[in-house]
Amino acid sequence: MARWTMTAPPYDQVNASRMMADVEALARWVRLSGTADEMEAVRYAQKRLRAAGCQTRVILHDAFISLPGAASLQVLTDGAAAAVSCITHSFAAPTGPGGLERAAVYAAGPADLTGVAAGRIAVVDGLASPAVVRAVEMAGAAGLVCLNRDPYVHEMIVSTVWGSPTLEDLAALPKIPVVSVAGRDAGPVREAARTGARLRLFAEVDTRWRQTPILIGELPGAVEETFVLFSGHLDSWHRGAMDNGGANATMLELARVMGSVRRYRGVRFAFWSGHSHGRYSGSTWYADHYWHELDARCVLHLNVDSTGGRGSILNRHAYAMPETRGVADAVIRELAGGRFAGQRVGRMGDQSFLGVGLPSLLMDISEQEGTSPEASVDFSAFSGGGTGGLGWWWHTTEDTPDKIDPALLERDARVYLGILHTFVTSPVLPLDYGATAREWLKRLGEVRAASPWADVKGALAEARRLVRGAEALRRHAQAVAASGDRAGIRAANAALMAMGRALIPVDFTRAGRFGHDPALPQSDPPHLAALRALAHASGDEARHLAVRAVRDLNAIRHALATAAQAAEAVVSAQRAGRRGQR
């Protein structure tokens with residue numbers, strides 16, 4: 001049997017002109033989820049995938065989609081009504097034809113509304129996010145006006161429900177109308193709210209079940225039937241040239257390039273609908289309905305969003321897991337120099353596969369510097385500063401092809417090509433679960449040091465065991481890859497996949513392997529929340545927290561032990577085989 005020969009990524013085959021042609025073509029359509037224009041974009045992308053050699057199919061499925069309609073806002077003072085330009089948002093509650101009129105109350109953020117917002121229209125600074133809307137609802141407000149700082153108002157989706165809602169989820173959908181105002185119009189509304197002036201707002205939102213498409217393009221592997229899921233959303237706000245036309249063009253270009261690459265395993269290109277108008281309904285539906293295949297065959301979810309933005313720099317803090325960070329770091333060092341730090345995969349983008357246990361990497365790979373003239377002030381405030389986000393045009397009418405820099409689009413595509421090529425052509429999966437184990441050692445050590453209530457000795461022992469097991473598996477995998485032992489390579493890859501299936505759901509979800517957590521900020525493993533809270537608790541509060549903490553520690557310890565066992569089993573089988581040959 002011939003040994004597999006690794007090749008370098010064909011970076012020189014990435015062509016900016018071809019990608020810009022795709023951006024221009026896709027930006028012809030306003031790609032609202034479930035509309036005829038979106039389907040035209042699907043047909044265009046399908047034709048390009050077929051030309052690249054992909055086997056394609058379009059899946060049509062029902063999704064709960066929310067499309068914002070007409071909205072208006074008036075400031076009522078001294079018997080006069082001053083109209084203010086505004087928009088409403090996906091999943092906000094409609095006002096009905098009569099609108100909503102109430103006294104206003106201003107707060108810089110929703111935390112300042114407690115005790116003063118009941119029955120009023122709250123006016124707050126910043127983007128209309130799910131967390132803000134939920135906090136304003138909890139304060140008892142009857143409506144919400146968000147004041148954007150950028151010159152153009154940003155389209156947003158304000159539901160916390162991930163994917164199409166179950167019957168139980170319906171209660172979590174927003175119950176108040178929400179509108180946003182931008183730029184120079186925001187100041188007068190803020191001042192009026194400070195004086196307690198009355199506001200009259202009106203909003204139409206069309207929320208219902210629609211049939212939406214998922215476009216799949218498949219490049220099979222030569223050796224393994226496993227595959228990398230390379231995904232991005234096709235739907236858009238307005239023309240969506242950058243978000244997500246640039247990413248779609250990146251996917252189409254990499255389909256063309258990878259079509260001529262000899263692949264150890266396959267690539268599955270997935271173009272989602274329902275990202276912007278269904279809270280990731282397309283990718284969630286796919287995770288639910290293709291769960292068993294993804295569990296058995298998918299080795300990585302590589303996500304792409306908003307590439308090539310004018311004035312952007314490489315985002316060295318893009319989403320990564322400890323086990324996937326090393327590949328991105330190696331590619332970025334090769335192409336751009338400097339290291340890739342990565343940040344924890346959060347509850348944004350089409351990260352709908354964490355419960356399945358898929359290793360994940362990236363969402364966007366480029367962003368604006370915080371001081372750039374192209375930066376979004378609103379996104380910077382939303383993210384806590386330090387970044388200018390995806391440009392002031394993000395989610396606005398101004399996201400047109402002129403916001404794409406061809407050279408930067410090519411740069412971003414090359415980064416994705418390097419990562420995709422590495423995972424597709426490496427016989428042994430380049431996943432570092434030793435890094436994951438060391439991260440758990442650090443976290444559990446912090447918990448033990450901070451809280452006398454937390455007994456983490458057992459979990460710490462399993463984390464140390466996983467460090468040893470992952471290192472032994474790494475050495476074993478290197479040996480079988482060097483020898484070309486196909487059976488050994490398959491066994492090592494199966495172990496690596498099993499380790500992810502055990503660890504990732506516990507690290508990144510509360511809902512577990514078959515559910516989806518809400519779209520709310522998550523900066524830490526949810527299974528550590530009660531343990532960390534114990535450090536500041538006492539008395540009965542600590543006892544209640546300890547009930548949850550014990551269950552969460554059981555889940556963590558079990559995941560670490562299961563992953564360690566998967567690694568140990570492969571290495572033990574190898575040693576037993578060697579003894580049998582003597």
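Atom OG of S90 and atom NE2 of H277 lie 5.5 Å apart (nearest 0.5 Å). How far OH of Y264 is from CG of L429: 9.5 Å, rounded to the nearest 0.5 Å. Atom CE of M497 and atom CG of L300 lie 11.0 Å apart (nearest 0.5 Å). For the atom pair NE2 (H536) and CG (L545), the distance works out to 11.0 Å, reported to the nearest 0.5 Å. Atoms CZ and CD1, on F271 and I214 in that order, are 12.5 Å from each other to the nearest 0.5 Å. The distance from the CZ atom of R316 to the OG atom of S366 is 12.0 Å, given to the nearest 0.5 Å.
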Verdict with supporting geometry, Y319 and M348, side chain to side chain contact (heavy atoms under 4.5 Å, CB included): CA-CA 10 Å; Y319 280 175; M348 278 180 64; 3.5 Å; yes

Derivation of the salt bridge (Lys or Arg N to Asp or Glu O under 4.0 Å) call for R465 and E568: CA-CA 10 Å; R465 176 187 172 193; E568 292 164 353; 2.8 Å; yes

Verdict with reasoning, F514 to W291, per ring pair (Phe, Tyr, Trp, His ring centres under 6.0 Å): CA-CA 8 Å; F514 303 99; W291 192 97; 4.6 Å; yes

Residues L560, L444; criterion side chain to side chain contact (heavy atoms under 4.5 Å, CB included); working and verdict: CA-CA 12 Å; L560 293 168; L444 292 167; 4.2 Å; yes

Test log, rule side-chain hydrogen bond (donor to acceptor under 3.5 Å, both in side chains), inputs R279 and T284: CA-CA 9 Å; R279 182 56 77 196; T284 305; over 6 Å; no

Evaluation steps, side-chain hydrogen bond (donor to acceptor under 3.5 Å, both in side chains), between H395 and D243: CA-CA 7 Å; H395 283 201; D243 187 8; 3.1 Å; yes

Salt bridge (Lys or Arg N to Asp or Glu O under 4.0 Å) assessment of R501 paired with D295: CA-CA 8 Å; R501 302 311 189 251; D295 178 52; 3.3 Å; yes

List, one per line, each side-chain donor-acceptor pair under 3.5 Å for residues 330-343, sequence neighbours excluded.
| unit_1 | atom_1 | unit_2 | atom_2 | d |
| --- | --- | --- | --- | --- |
| R333 | NE | D329 | OD1 | 3.2 |
| R333 | NE | D329 | OD2 | 2.8 |
| Q343 | NE2 | H317 | O | 3.0 |

Distance-only donor-acceptor hits, side chain of residues 124-132, under 3.5 Å, sequence neighbours excluded:
| unit_1 | atom_1 | unit_2 | atom_2 | d |
| --- | --- | --- | --- | --- |
| D125 | OD1 | R190 | NE | 3.1 |
| D125 | OD1 | R190 | NH2 | 2.9 |
| D125 | OD2 | Y106 | OH | 2.4 |
| S129 | OG | V132 | N | 3.2 |

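By the 6.0 Å contact criterion, OH on Y152 is open, its count of non-hydrogen atoms from other residues, nucleotides or ligands being 12 or less. E369 CD: 12 or fewer foreign heavy atoms inside a 6.0 Å radius. The environment of R510 atom CZ is dense: over 12 non-hydrogen atoms of other residues, nucleotides or ligands sit within 6.0 angstrom. Residue R134 qualifies as open at atom CZ: its count of foreign heavy atoms under 6.0 Å is 12 or below.
For Y280 and W272, the distance between ring centers is not under 6.0 angstrom. Ring pair W237/H154: centre-to-centre distance not below 6.0 Å.
Between R532 and D524, the closest side-chain pair of non-hydrogen atoms falls below 4.5 Å. A heavy-atom distance below 4.5 Å is not found between the side chains of D150 and T396. Residues H301 and L361 form no side-chain contact, since every pair of their non-hydrogen atoms from C-beta on lies 4.5 Å or further apart. When side chains are defined from C-beta on, S283 does not count as touching H275, because their heavy atoms never get closer than 4.5 Å. Contact annotation: the side chain of T250 never approaches that of D412 to less than 4.5 Å [non-hydrogen atoms, C-beta and beyond]. In this structure, the side chains of T307 and M19 stay at 4.5 Å or more apart for every pair of heavy atoms.
Tested against Y416, the residues F269, Y11, F230 include a single ring pair (Phe, Tyr, Trp, His ring centres under 6.0 Å) partner, F230.
Cation-pi geometry between R149 and W392 is not met: the NZ or CZ atom fails to fall both under 6.0 Å from the ring centre and inside 45° of the normal.
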